[in-house]
Q: 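Before we start, here is the structure in question, set down as structure tokens.
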Amino acid sequence: MKLINAFASYEGDLTLITRVNGERVIKREKAQYISYHKYSEISESCLHWLKSSPLVRELIIEPYDHINWLRINWVDYEARQNALWGEKPYCIFESGEHYEGDLSPVMRYLIDNNVEIAKPKRCYIDLETDSRVPFIKAVEGRAAILSWALVDDLGHEKVEVLNRDSYNDEQDLVMSLWQELQQYEQVLAWNGDGFDFKVIKERTKYLGLSVNHRYWLWLDHMLLFKRLNTAAESGDEKTSYKLNDIAQAILGEGKDTLDGSRTWYYWEKGGSDREALVKYNLKDTKLLQQIEKKTGLVDLFQSLCEVTGVLPDTYGLQPVKQVDSFLLRLAKPKGLKFLSKNVVVEHEKFKGAYVMPPEAHGIEKNIHVADFQRLYPSIMISWNMSPETKSETGECLVEATGVRFSKLQGILPFALKKLIDLRKKSSKDRDELPPGTSGWYDANRLSTAYKVAANSFYGVVGSSFSRFFDAQIAESVTQTGAQLIKETIKEAENRGMKAIYADTDSLFVKGVDAEVFKSFVSWCNETLYPQMIERMGCVENDICLAYEKAFDRVVFVGAKKYVGSYLHYKGKRASVESKPEIKGLEYRRGDSVFLARKLQIQVIEKICAGCEDSNIYEEIVQKTMNHVLNEPLSLSEVIISKTLSKEVEHYSVRLKKDGTFSALPRHVVVAKDLIHKGVEVSIGTRIGYVVMDASVRPLTVMYAEEYDGVCDRYYLWDSLVYPPTFRLLSSAFPLHDWTMFQKTRPEKIKPVVPGVVRPRGGKKSSDITAENLVKLQEWLYENKGVVPFIFKLPWKSKKVYVKDKKEAIKVVNEFIRGKVEVQDEKTE
DNA sequence: ATCTCTGGCCTCCGAC
DNA sequence: GTCGGAGGCCAG
């Protein structure tokens, strides 16, 4: 039996949805709220209490070779919760440990019966709601649904629109959506968790319709995309997760050009306007299906769910859930249980990977790169690292942390080996099939799913949200990795090579040719690592270093930031078409300005093509500089976009010494403004803005959509566009001076009072940021008759440099504190 | 109903 | 000017 969906109801039922011969079958069982206990630890009196308690439905002893488990079936969630974590006298287990007492009835059922996950019938939907209602209220179900559209992977599509603005008509509209959904089991929508799903559920309630939404698997396509899409090359694809921008990047086409914030207007006008709205609605929905067709990410997620045993809805996207499910399923037949996980433990920090600061100068040539294959899984396997094998008397020693593990195979290494074996098998299947066929895709997807699952193990062990969290184990993994890479560097240098960079599992080496490097890698695998493994008493050696690639030329801007052109990749020689490898540079970042990415990629391409003529680079920079400072700039060139990562109210604000609050990050200020205006903004929304004036603190910014061609060009160039390329050029050609393009903002110096001469080369002056310089100047002039200070006025700036320190600070502070009244309201 | 981790670079802000 | 914290996003 393959399970499509399952949920527990408040009444204590567990509903199971399966398919038999293509027909959907719904089964009901009692939801089980279980906790496990070591039978030997339960006292006589406790057992007596359990046997007679109305809170306990059933007691079962599960015998295994090494232990007898007592399985308590509590009558409901409350009973279990109170017994395990409640106050006295309900808490009967305060002395003993309890196991898996936090599992939901659904998880419990899936694990106990080792249920396989079915492929659900999938559809994509999109809603249009009344635009007169602000986003926040629409999510609460306060906006009418104007239309809905639905498509599936087989080409079926349907769209329906509200007939009249009435309660009954909307009832019909929403009911027909639920009718349509009957054919499907899984529903996807872009930002569905943030909008569409909530609206459907709330609006259904409001309209008095009785439909239980839990019969469907709700999967937020956007969150899925964020988590599984790792293909983005440049920052251009990362500037926004709006459907339009993703569709543009993936498919090369966007949404219909209809103002989504005026849906009500289009609907109300009727006729062709209403038709346009309907068309727009359908188009959006079709984009989802097309994105999936192109990327296959939903299919990949489906494979991941089938492998790990979680249901393919939004919650299943969490690695913690996937690993939890996979491990508990494997542990069950072994009689292995894990401690209940109720509260999140205080976050213990642990040390991570080793990153060597690059020791590279200019353009480095002929650089060979080796990397450890799946380093962290291989360490966990070799040292048999698992929560239940951790033991002070264990034979496997982690030298870096002093933690020891016993030799009896742990559940983590067991699971990892299983995943790796399965991956090998599916990769082999794939390679035996003709590329591009559906079988090939299936096998390839499975292979990727196994890899994704295996790679998430380390992260889950290091997550305090996981039941497998163990900071000591996580640190043992990372520090063993650090030791391995450091030992490898040492041995390489003993042989006359020079390590110029290393990060976690990779090693960049110069001063060697391919053959010698290859034999060095072999020596490491055959001698160095086996020796280390032997010394530390490990069960087996799964550590493997591989000669991955060589760079013809590579430039390091810093740790985690470099660009290089290949000589070969895994032995395959590079061709003229081979793209450069770009890591960490602003070109790859979604929060950099397009102009910065564009300038940087031009320089990158020239460097990788072997150009060493500084004149060429100067020309490129000069041209861009001219464009930035003098020519019309489009919004896409100047927009800065950053993610709103938490609720606006949760951003930290400090009380400054002057009693006012410190400024919020610029994108948060814009977000606040947008929320005020009723624009759709939630956690995870990317906020686009343009900087208007950076000569003031804090910077003044403008919401991207209000951009009219005016922005602070000096700031753009001086702070955002040139520095990334400046750093790259300075790294590639350190002997050349690249500073001449810096600091374009003019510093016009004017004496405030004619006739006062600014002293040349004067000593450091104290600077005061005043609210309004003009007011101050005029006050000084009027009250003192003559200004005893000299002001340096940067162009369009409000920063003041005052020469006579003592007097100046006194006067200006009085001005700032409001002790000095300024009548004149005239400003610049 | 939120949730794989640490290391590192960069920008802005505000204190000194 | 310099420095540290907050925030963001990337490498692995």
Side-chain angles (χ1 to χ4, degrees), chain A residues 104 193 198 218 220 223 227 230 232 235 238-239 313-315 317-324 341 344 347-358 371-372 374-376 452-453 455-466 468-469 471 473-475 477-479 481-482 485 501-506 557-562 581-593 596 640-646 650-658 660-669 683-684 686-687 691 694 697-699 701 715 719-720 723-724 727 764 766-767 769:
Chain A
S104 71
D193 277 21
K198 287 183 180 168
W218 304 91
D220 188 327
L223 293 177
R227 199 171 284 262
T230 47
K238 300 175 199 154
T239 48
D313 56 14
T314 302
Y315 306 122
L317 284 170
Q318 293 172 207
V320 164
K321 302 277 180 227
Q322 295 163 7
V323 172
D324 217 26
K341 179 84 183 171
V344 174
H347 197 57
E348 303 169 44
K349 281 253 170 183
F350 58 91
K351 277 165 83 181
Y354 170 66
V355 183
M356 174 186 164
D371 65 349
F372 288 99
R374 44 179 169 70
L375 178 63
Y376 287 175
V452 171
N455 284 341
S456 60
F457 271 58
Y458 151 72
V460 168
V461 169
S463 167
S464 55
F465 299 105
S466 158
F468 302 100
F469 173 62
I473 296 179
E475 190 163 272
V477 174
T478 61
Q479 296 317 294
I485 197 87
Y501 180 61
D503 184 353
T504 313
D505 60 355
S506 68
V557 180
K560 296 181 186 286
K561 302 189 102 175
Y562 59 88
E581 180 171 300
I582 305 164
K583 298 288 180 176
L585 294 182
E586 287 71 11
Y587 171 72
R588 303 220 17 156
R589 295 179 64 100
D591 61 346
S592 62
V593 173
I640 303 166
S641 87
K642 292 189 201 301
T643 305
L644 193 70
S645 63
K646 45 189 165 185
H650 293 169
Y651 279 85
S652 75
V653 185
R654 300 206 309 278
L655 188 61
K656 291 189 294 176
K657 290 200 100 182
D658 66 1
T660 61
F661 290 107
S662 64
L664 285 166
R666 299 297 81 188
H667 70 294
V668 181
V669 173
I683 295 175
R686 287 195 76 111
I687 310 291
V691 172
R697 283 302 108 110
L699 313 188
V701 295
Y715 163 76
S719 300
L720 301 183
R727 289 187 288 267
K764 196 185 129 187
S766 74
D767 56 338
T769 304

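This one's a predicted model, so the numbers in the text were calculated from it and none came from an experiment. Letters A, B, ... mirror the listed sequences (proteins, then strands); counts begin at 1.
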Q: Kindly say if A:K583 contacts the phosphate of C:dG12, meaning a side-chain N or O under 4.0 Å from OP1 or OP2.
A: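 True: A:K583 side-chain N/O within range (under 4.0 Å) of C:dG12 OP1/OP2.
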Q: Quick one: pull up CG in A:L644 and CZ in A:R686 and give me the separation to the nearest 0.5 Å.
A: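 Taking CG in A:L644 and CZ in A:R686, the distance rounds to 11.0 Å.
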Q: Mind checking if A:G352 touches a base, just sugar-phosphate, or nothing, with heavy atoms under 4.0 Å?
A: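 A:G352: backbone/sugar contact only, no base atoms under 4.0 Å.
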Q: So, is A:R588 close to the C:dC10 phosphate, meaning a side-chain N or O under 4.0 Å from OP1 or OP2?
A: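 For A:R588, the contact criterion (side-chain N or O under 4.0 Å from OP1 or OP2 of C:dC10) is not met.
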Q: I need the A:K341 NZ to A:F465 CZ distance, nearest 0.5 Å.
A: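 Between atom NZ of A:K341 and atom CZ of A:F465 there are 8.5 Å.
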Q: Given B:dC13, is OP1 or OP2 found less than 4.0 Å from the side-chain N or O atoms of A:K656?
A: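 For B:dC13, neither OP1 nor OP2 has a side-chain N or O of A:K656 closer than 4.0 Å.
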Q: Distance check, P atoms only: B:dC3 and C:dG12, in whole angstrom units.
A: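 Their P atoms lie roughly 25 Å apart.
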Q: Of A:K657 and A:L699, whose closest DNA chain B nucleotide lies nearer the 5' terminus?
A: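 On the 5' side of the pair lies A:L699.
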Q: Examine C:dG12: is either OP1 or OP2 under 4.0 Å from a nitrogen or oxygen in the side chain of A:Y562? Give yes or no.
A: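 Checking A:Y562 against C:dG12: at least one side-chain N or O falls below 4.0 Å of OP1 or OP2.
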Q: Please state how far atom CE in A:M356 lies from atom P in B:dC9, giving the value in whole angstrom units.
A: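 In whole Å, B:dC9 P lies 13 Å from A:M356 CE.
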Q: Taking only the side-chain nitrogens and oxygens of A:Y715, find out if one of them lies under 4.0 Å from OP1 or OP2 of B:dC12.
A: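 So the side-chain polar atoms of A:Y715 do come within 4.0 Å of the phosphate oxygens OP1 or OP2 of B:dC12, strictly under.
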Q: Output the rounded distance in Å from CD1 (A:I683) to P (C:dG8).
A: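 Between P of C:dG8 and CD1 of A:I683: 11 Å.
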Q: Scan side-chain atoms only and decide if A:D193 and A:T314 contain a donor-acceptor pair under the 3.5 Å cut-off.
A: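 Result is yes, a qualifying pair exists.
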Q: Under 4.0 Å between a side-chain N/O of A:Y651 and OP1 or OP2 of C:dG5, yes or no?
A: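 Answer is no, no contact under 4.0 Å.
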Q: Establish, with yes or no, whether the OP1 or OP2 oxygen of B:dG7 is under 4.0 angstrom from a side-chain nitrogen or oxygen of A:T504.
A: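 For A:T504, the contact criterion (side-chain N or O under 4.0 Å from OP1 or OP2 of B:dG7) is not met.
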Q: When you measure from the side-chain N and O atoms of A:R666 to the phosphate of B:dC13, is any distance below 4.0 Å, counting only OP1 and OP2?
A: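 Checking B:dC13 against A:R666, a side-chain N or O does come within under 4.0 Å of OP1 or OP2.
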Q: Find the distance between NZ (A:K561) and CZ (A:R727) and round it off to the nearest 0.5 Å.
A: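 Answer rounded to 0.5 Å: 5.0 Å.
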Q: Hey, is the side chain of A:R727 poking within less than 4.0 Å of OP1 or OP2 on B:dC10, counting only N and O atoms?
A: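 Yes, because at least one side-chain N or O of A:R727 sits under 4.0 Å from OP1 or OP2 of B:dC10.
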Q: With a 4.5 Å cut-off on side-chain heavy atoms, are A:I485 and A:D505 touching?
A: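 They are not in contact (no side-chain heavy atoms under 4.5 Å apart), so the answer is no.
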Q: Using OP1 and OP2 only, check whether a side-chain N or O of A:S652 sits under 4.0 Å from C:dG7.
A: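 Looking at the OP1 and OP2 atoms of C:dG7, one of them is under 4.0 Å from a side-chain N or O of A:S652.
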Q: Can you tell me if the side-chain N/O atoms of A:H667 get under 4.0 Å from OP1 or OP2 in C:dG8?
A: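 Indeed, a polar side-chain atom of A:H667 lies that close.
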Q: Looking at A:R227, I'd like to know whether one of its side-chain N or O atoms comes within less than 4.0 Å of OP1 or OP2 on B:dT2.
A: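 No, A:R227 has no side-chain N/O under 4.0 Å of OP1/OP2 on B:dT2.
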Q: Does any donor atom in the side chain of A:Y354 or A:T478 lie under 3.5 Å from an acceptor atom in the other side chain?
A: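 Not at all, the side chains of A:Y354 and A:T478 share no donor-acceptor pair under 3.5 Å.
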Q: Within less than 4.0 Å of OP1 or OP2 of B:dC3, is there a side-chain N or O belonging to A:S463?
A: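 Answer no for this pair, as no side-chain N or O of A:S463 is under 4.0 Å from OP1 or OP2.
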Q: Look at all strands and tell whether A:S662 reaches a base, only sugar-phosphate, or nothing, counting heavy atoms closer than 4.0 Å.
A: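 Sugar-phosphate contact only - A:S662 comes under 4.0 Å of backbone atoms but never of a base.
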Q: Does A:K646 put a side-chain nitrogen or oxygen below 4.0 Å from OP1 or OP2 of B:dT2?
A: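 For B:dT2, OP1/OP2 do not have a side-chain N/O of A:K646 under 4.0 Å.
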Q: Figure out the NZ/P separation between A:K351 and C:dG12, and round it to whole Å.
A: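 These atoms are roughly 21 Å apart.
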Q: Could you state the OH-P distance from A:Y458 to C:dG12, rounded to the nearest angstrom?
A: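 It works out to 15 Å between those atoms.
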